[in-house]
*Asks:* 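Next up is a structure, given as structure tokens.
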Protein chains: 2
Amino acid sequence: MPERRPRADAVRNREAVLAAADRLFARSDSPEHVSMADIAAEAGVGKGTLFRGFGDRTGLIQALYEARLDPIRRTVAEGPHPLGPGTPPVQRAAAVLDALLCFKLDHRHLSLALEEAATGSPYGAEHYDWWHGTLRGVLAEIPGFDGSDFAAHALLAAVRADLVDHLAGRRNIPRERLRADLATYTTKVLNSP
Amino acid sequence: MPERRPRADAVRNREAVLAAADRLFARSDSPEHVSMADIAAEAGVGKGTLFRGFGDRTGLIQALYEARLDPIRRTVAEGPHPLGPGTPPVQRAAAVLDALLCFKLDHRHLSLALEEAATGSPYGAEHYDWWHGTLRGVLAEIPGFDGSDFAAHALLAAVRADLVDHLAGRRNIPRERLRADLATYTTKVLNSP
DNA sequence: GAACCATACGGACCGTCGGTCCGTTTATGC
DNA sequence: GCATAAACGGACCGACGGTCCGTATGGTTC
């Protein structure tokens with residue numbers, strides 16, 4: 001099959017929609033108050049265009065999240081020290097969790113939107129499987145570390161968007177304090193007998 | 001003020017509604033597919049009664065959750081070994097987390113419904129604060145343990161309903177395996193240098 | 001640049017849901 | 001019994017996610 005390229009206006013609109021959604025989520029205090037109609041209006045586009053381009057609300061949010069997170073994902077997969085492969089596993093696992101925490105702090109609204117949108121839970125979204133698989137692999141390289149599968153889930157749960165939002169947003173814990181707390185915690189998990 | 005007792009039919013209906021909701025959540029695969037109208041119909045009651053009695057959907061689910069969880073909460077607060085006070089802190093923290101995991105396994109649908117209902121996140125529901133405060137207190141009793149506040153959040157995140165549901169439900173990990181995995185993990189956290 | 005067609009557009013429209021409102025019924029105290 | 005406050009229940013409302021189809025437009029070919 002010849003794999004026709006999409007029309008120029010379709011590409012333009014797709015970008016406009018993602019940008020509009022990003023803006024609206026950042027502006028509003030709770031992602032559920034941002035309706036699909038709002039996003040369409042902000043992007044200067046009909047509602048039909050949203051649903052044609054992204055399938056449904058979850059699809060749109062996932063696409064946006066994926067686009068923003070992709071750089072970090074790449075860095076972890078093939079980037080330089082300390083995120084990339086080639087870093088000793090204990091240090092790398094800590095670096096990955098720290099990077100994830102920072103991302104969720106920097107994109108709090110978006111991350112929140114994603115976890116709310118993914119039907120019921122973030123689990124089952126393919127990007128979660130990727131993070132879990134990667135982290136589990138790193139943990140498994142630590143000598144004498146057992147239970148890496150569950151530990152990977154549990155460590156990722158420690159940086160879930162709603163928890164981060166609760167601590168940073170509602171309780172006003174400063175960024176560096178959170179990073180330090182997370183580092184202390186991960187150290188406990190990673191350097192256990 | 002004379003503090004009039006509620007009418008008998010109101011009490012009866014309240015029970016009927018809670019029982020109906022419990023049944024419906026247990027039956028359906030996803031809590032969001034259980035509507036307030038469904039619950040009212042199942043309880044043989046008008047929709048108005050639901051909202052008068054519980055305020056809104058979140059209130060109803062919280063009331064139900066609270067009712068089911070209360071026994072465990074009591075046991076932790078004032079019960080016998082190993083959940084109650086008087087147990088050495090490392091052992092007690094592990095026991096509390098195990099009890100919470102078991103509860104979420106036994107009431108998977110209900111727990112899922114709660115986390116979905118609480119606007120945005122389970123944080124901010126007063127019962128979460130109670131668990132966090134309690135666990136933090138136990139952790140703080142462990143000699144040389146620092147970062148108990150964040151650690152309490154992180155450990156509770158490891159037994160969140162949607163994670164438990166993902167592992168036990170979608171991935172079919174057996175109950176005892178999960179309990180063992182959690183125990184291994186908590187041991188790492190609690191017995192760190 | 002004209003004509004053709006696949007592709008994309010957009011907003012009226014639909015079903016459902018949480019939540020409200022108010023006329024009606026009923027339990028309770030005297 | 002009777003009066004009355006309390007509770008009932010279901011018609012009703014506004015909002016939302018998602019669909020549908022007549023219309024517009026970018027791309028291609030001559």
Side-chain angles (χ1 to χ4, degrees), chain A residues 1-21 24-25 27-64 112-120, chain B residues 1-21 24-25 27-64 112-120:
Chain A
M1 44 183 69
E3 185 75 23
R4 317 179 61 83
R5 10 190 299 259
R7 262 167 57 168
D9 55 346
V11 175
R12 204 181 333 122
N13 278 335
R14 189 180 173 89
E15 285 313 306
V17 166
L18 288 177
L24 285 179
F25 282 128
R27 192 176 311 161
S28 97
D29 48 339
S30 173
E32 67 200 326
H33 295 143
V34 176
S35 76
M36 293 299 270
D38 290 339
I39 297 175
E42 172 82 11
V45 143
K47 251 176 51 167
T49 302
L50 260 64
F51 288 94
R52 199 171 335 97
F54 300 96
D56 59 9
R57 183 183 168 87
T58 301
L60 166 55
I61 294 175
Q62 268 177 358
L64 180 54
L112 224 40
L114 178 78
E115 290 197 6
E116 175 235 16
T119 317
Chain B
M1 49 182 66
E3 186 72 22
R4 315 179 59 83
R5 13 191 296 261
R7 267 167 52 167
D9 54 347
V11 175
R12 205 182 331 120
N13 278 334
R14 188 180 174 90
E15 285 313 305
V17 167
L18 287 177
L24 250 37
F25 282 128
R27 193 177 311 160
S28 97
D29 47 340
S30 173
E32 65 200 327
H33 293 145
V34 177
S35 76
M36 294 299 269
D38 291 339
I39 297 175
E42 172 83 11
V45 142
K47 249 176 55 168
T49 302
L50 260 64
F51 288 95
R52 199 170 335 96
F54 300 96
D56 60 8
R57 183 182 168 89
T58 301
L60 166 54
I61 295 176
Q62 268 177 357
L64 180 54
L112 225 39
L114 178 76
E115 292 198 4
E116 174 235 14
T119 317

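Computed from heavy atoms alone, side chains included, the values below leave out hydrogens, waters and symmetry copies. Proteins come first, then strands; the chains are lettered A, B, ... in the order of their sequence lines, and each starts at number 1. Since this is a predicted model, take the numbers as computed values, not measurements.
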*Asks:* How close or far is atom P of C/dG11 from atom CD1 of A/Ile39, stated in whole angstroms?
*Replies:*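 Taking CD1 of A/Ile39 and P of C/dG11, I get 16 Å after rounding.
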*Asks:* Write down the distance between CZ (A/Arg57) and P (D/dG18), rounded to a whole number of angstrom.
*Replies:* 8 Å
*Asks:* Could you state the interatomic distance from CG (B/Leu60) to CD1 (B/Ile39), rounded to the nearest 0.5 Å?
*Replies:* 5.0 Å
*Asks:* For A/Glu116 and D/dG17, give me the distance from atom CD to atom C1', rounded to whole Å.
*Replies:* 12 Å
*Asks:* Under 4.0 Å, heavy atom to any atom of DNA chain D: which of residues 44-54 of chain B qualify?
*Replies:* B/Val45, B/Gly46, B/Lys47, B/Gly48, B/Thr49, B/Arg52
*Asks:* Does the side-chain contact (heavy atoms from CB on, under 4.5 Å) test come out yes or no for B/Glu116 and B/Leu112, once each step is laid out?
*Replies:* CA-CA 6 Å; B/Glu116 174 235 14; B/Leu112 225 39; over 6 Å; no
*Asks:* Calculate the interatomic distance between A/Leu24 atom CG and D/dC16 atom P; express it in whole Å.
*Replies:*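 Roughly 13 Å, once rounded to whole Å.
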*Asks:* Would you please name every residue forming a side chain to side chain contact (heavy atoms under 4.5 Å, CB included) with B/Arg14, sequence neighbours left out?
*Replies:* B/Phe54, B/Ala63
*Asks:* What is the minimum heavy-atom distance between A/Met36 and A/Asp56, and which atoms define it?
*Replies:* CE-C, 4.2 Å
*Asks:* DNA chain C: B/Asp9 or B/Met36, which has the more 5' nearest nucleotide?
*Replies:* B/Met36
*Asks:* When you get a sec, tell me which of C/dG18, D/dG26, C/dA27 is the closest nucleotide to the side chain of B/Ala8?
*Replies:* C/dA27
*Asks:* Identify which nucleotide among D/dA7, D/dG26, D/dG18 has an atom closest to any side-chain atom of B/Pro6, counting heavy atoms from C-beta outward.
*Replies:* D/dA7
*Asks:* Check the distance between D/dA7's P and B/Arg14's CZ and give it to me in whole angstrom.
*Replies:* 12 Å
*Asks:* Hey, could you give me the CZ/NE2 distance between B/Phe25 and B/His33, rounded to the nearest 0.5 Å?
*Replies:* 12.0 Å
*Asks:* For B/Arg12 and D/dA7, give me the distance from atom CZ to atom C1', rounded to whole Å.
*Replies:*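 In whole Å, D/dA7 C1' lies 11 Å from B/Arg12 CZ.
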*Asks:* Which whole-number value in Å describes the distance from A/Leu60 CG to D/dG17 C1'?
*Replies:*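 It is 12 Å, rounded to the nearest whole Å.
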*Asks:* Establish, with yes or no, whether the OP1 or OP2 oxygen of C/dA8 is under 4.0 angstrom from a side-chain nitrogen or oxygen of A/Asn13.
*Replies:* no
*Asks:* Decide side-chain contact (heavy atoms from CB on, under 4.5 Å) for B/Arg27 and B/Leu24; before the verdict, give the C-alpha distance in whole Å, the side-chain angles of both, and the deciding distance to 0.1 Å.
*Replies:* CA-CA 5 Å; B/Arg27 193 177 311 160; B/Leu24 250 37; 3.8 Å; yes
*Asks:* Please tell me which of the listed nucleotides, D/dT25, D/dC8, C/dT28, lies nearest to the side chain of B/Arg7?
*Replies:*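 The nucleotide sitting nearest to the side chain is C/dT28.
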*Asks:* Rounded to the Å, how far apart are B/Asp38 CG and C/dG19 C1'?
*Replies:*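 It works out to 15 Å between those atoms.
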*Asks:* State the CD-CD1 distance between A/Glu115 and A/Ile61, to the nearest 0.5 angstrom.
*Replies:* 11.5 Å
